[in-house]
Structures are given as C-alpha cells and as structure tokens.
Amino acid sequence: MRDQEGGGQTSSWSTWILDAIRKIRAQKQRPSVERICHAVRQHHKDLNPHEDEIKEHLEATVKEGIVLKVFNKGQSTYKDPGGVQSRQLELSKGADLSKVIVKAARELGERDGSTLKSIEKYIRQSHALNVSADVDFRSLLRISAKRAEARGYLVHDGRLYKPTGRPIVGSAPTTPKRQSVQVKFGTDKISQVVGKSSFKSRNTKGKNF
DNA sequence: ACCTGCGCACCAT
DNA sequence: ATGGTGCGCAGGT
C-alpha cells in the first residue's frame, strides 16, 4: 500500500534502478552511484530526473532490501540481490556464523562499524536462509559474533562491530600437506622466475583502515 | 562525445 | 581450481 504513488512509484524506481544495475554489469563495469545515475537518466531523458533524486531512490531501494549495497575496494557497488542469491545459509542449532558476520561487516563498509542489527539485515538480504524450525537467528548471531571476537576476527565498540584486518584462517584446506620443496636447484641463483608472471604490486589494502 | 564490449588480472571461496 | 568482479582500453555509433 505504500508503494504506489505518493510522490513517485517506488516499484518503478526499483525496476529502473535494477535495470540500470544489470545493464552496467552486462558491460562489465562497476555499478557505482555515478554510473547508476547516469544509466537511469539516460533511460528516462523525458523525466530528466536530477541526480539527487535518483540517489534518494537508490538509497531507498537499499533500505528496502531491493538493492544490495556492498563496500568493496574503497567504493560502494550496488548489486541485484537476485543475481547473487546463490548463497544458501543453513541455520541449524549450533551453526557458526562468525565468518558470515565478518564478511558482512566488511562489506557494509561502515567506518565506525556496524550494529548487529544491520549485519543481520545485510545477511538476510544477501543470502537465502534456511532456518531450522526452532532456531532464532538473532541468538545465533549474538553467539557467533562472540565467537568471531574470541577468534580475533571482530572487535566491537559499544554496539558497533568492526572486522579486524586479518582473519578467517579457519580451517582452510589450503594445501594441508605442503611438501616437496625442491631445494635442489640452488646452484647459482634462485633469482628470476622466468615463465610465470608477476609479482605485482602490493598495494590494495594498505590505506587507512 | 558517448556507448558497448571484453580480456584478463584480482579476489574470495 | 573455480567463479564473480570490474579496470582499462578498443571499437562502434
């Protein structure tokens, strides 16, 4: 009932924005606020909507969970939840959501951290939850957050939770059995690795954070 | 000038 | 290994 008119149809805007996002993605580009505004304006030249208006609607759709806002590499990217919805979350009795929580906190990208509330919302929006009958998502979150803190993946200041820079080393079977280190050819120089490629620069995460 | 397309390096899983 | 992402650039309109 409140989505029809009253200053603008929310559903139309949702569609326009979602379309813009899909279009941009199809071009392999980042659906940033700028691009989205541009794409929407272009598709509705007749209405000539002002950027600020589009931004408002964009934020609104994010609040409604129609669009997912993900912070990544210093910028926000907007996504169509449906296009990412392949992530199923099994919420059984003792489920451990610490990793999901940390990821959510990171992707929310709030400078001062996020409340468990927004983390919960974010997770609901970005996953297909399969809640087992008598399991309370909230409690599960609380417990898991605590666990994440205990493991040093998360820190909290008041009600705000923030991911610590370096976690999630859980049980990654990353080469469980590292072996065979061919030290045999240390003849002259080990320098120079012809063939493979790059050791690129180590930029990315440094920065203020 | 603006738009579309895409190779491929990057990154998380 | 695998799959999603988006920079940087080429090519089209």
Side-chain angles (χ1 to χ4, degrees), chain A residues 16-51 54 58 61-62 65-92 95-110 114 119 122-130 144-145 147-148 151-154 161-180 193-209:
Chain A
W16 299 344
I17 292 173
L18 250 10
D19 284 345
I21 290 175
R22 288 188 210 106
K23 180 183 177 188
I24 295 165
R25 268 306 303 153
Q27 293 174 179
K28 293 193 181 180
Q29 296 186 328
R30 178 194 287 250
S32 59
V33 200
E34 298 73 40
R35 282 189 198 293
I36 290 172
C37 283
H38 194 230
V40 171
R41 298 193 73 197
Q42 188 173 298
H43 197 83
H44 298 282
K45 297 189 179 79
D46 43 312
L47 303 180
N48 193 40
H50 188 280
E51 258 110 34
I54 300 175
L58 178 56
T61 55
V62 169
I66 293 167
V67 167
L68 238 203
K69 181 180 183 180
V70 177
F71 187 76
N72 187 20
K73 297 180 189 163
Q75 288 180 66
S76 286
T77 289
Y78 294 80
K79 300 186 177 186
D80 174 354
V84 189
Q85 195 174 55
S86 49
R87 303 198 266 199
Q88 299 274 310
L89 238 201
E90 277 302 323
L91 301 188
S92 39
D96 178 12
L97 303 182
S98 46
K99 297 183 183 67
V100 192
I101 291 176
V102 176
K103 190 159 81 90
R106 193 202 319 132
E107 294 182 345
L108 276 165
E110 313 207 77
S114 309
I119 289 177
Y122 185 87
I123 293 177
R124 282 183 185 287
Q125 292 173 176
S126 50
H127 297 72
L129 316 179
N130 298 8
S144 298
R147 194 170 302 166
R151 293 176 179 168
Y153 298 160
L154 202 66
Y161 289 79
K162 239 170 112 172
T164 58
R166 262 330 114 139
I168 307 210
V169 186
S171 42
T174 308
T175 313
K177 41 186 77 174
R178 240 278 125 87
Q179 55 138 266
S180 71
V193 183
V194 189
K196 235 23 197 323
S197 51
S198 45
F199 290 32
K200 48 352 185 16
S201 46
R202 220 98 263 201
N203 56 354
T204 325
K205 56 119 55 24
K207 294 318 172 35
N208 57 5
F209 193 47

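Each chain gets a letter, A, B and so on, in the order its sequence line appears, and its residues count up from 1.
Distance Lys73(A) NZ to dA9(B) P: 14 Å, rounded to the nearest Å. Arg25(A) places its CZ atom 12 Å from the C1' atom of dG3(C), with the value rounded to the nearest Å. Rounded to whole Å, atom P of dC11(B) lies 15 Å from atom CZ of Phe71(A). The CG atom of Leu68(A) sits 11 Å away from the P atom of dT5(C) (whole-angstrom rounding). With rounding to whole Å, Leu89(A) atom CG is found 14 Å from dT13(B) atom C1'. Distance Gln42(A) CD to dA1(B) C1': 12 Å, rounded to the nearest Å. If you measure from atom CD1 of Ile24(A) to atom C1' of dC3(B), you get 12 Å, rounded to the nearest angstrom. Atom P of nucleotide dT5(C) and atom CZ of Arg22(A) are separated by 14 Å, given to the nearest angstrom.
In this model, the phosphate group of dC3(B) is approached by a side-chain N or O of His38(A) to a distance below 4.0 Å at OP1 or OP2. Using a 4.0 Å cut-off, no side-chain N or O of Thr77(A) falls inside it from OP1 or OP2 of dT5(C). Within the structure, every side-chain polar atom (N or O) of Gln29(A) is placed at least 4.0 Å from both OP1 and OP2 of dG6(C). Taking side-chain N and O atoms only, Lys99(A) has no distance below 4.0 Å to OP1 or OP2 of dA12(B). One finds a side-chain N or O of Arg30(A) lying less than 4.0 angstrom from the OP1 or OP2 phosphate oxygen of dC7(C). The phosphate of dT4(B) (OP1 or OP2) has a side-chain N or O of Lys23(A) nearer than 4.0 angstrom.
Between the side chain of His44(A) and the main chain of Val40(A), no donor-acceptor pair closer than 3.5 Å is present. Put simply, the side chain of Ser76(A) never gets that close to the backbone of Phe71(A): no donor and acceptor are under 3.5 Å apart.
Of the candidate nucleotides dC7(C), dT5(C), dG5(B), dC7(C) has the atom lying nearest to any side-chain atom of Gln75(A). Residue Lys103(A) has its side chain nearest to dT13(B) when only dC8(B), dG5(B), dT13(B) are considered.
Shown here is His43(A), whose NE2 atom has no more than 12 heavy atoms of other residues, nucleotides or ligands within 6.0 Å.
Remark on DNA chain B: of its neighbouring residues Glu107(A) and Ala26(A), the 5'-side contact belongs to Ala26(A), judged by nearest-heavy-atom nucleotide.
You'll find a donor-acceptor pair under 3.5 Å spanning the side chain of Lys28(A) and the base of dG7(B), going by distance alone.
How far OG1 of Thr61(A) is from CG of Asp80(A): 10.5 Å, rounded to the nearest 0.5 Å.
No side-chain heavy atom of Tyr161(A) sits less than 4.5 Å from a side-chain heavy atom of Ile101(A).
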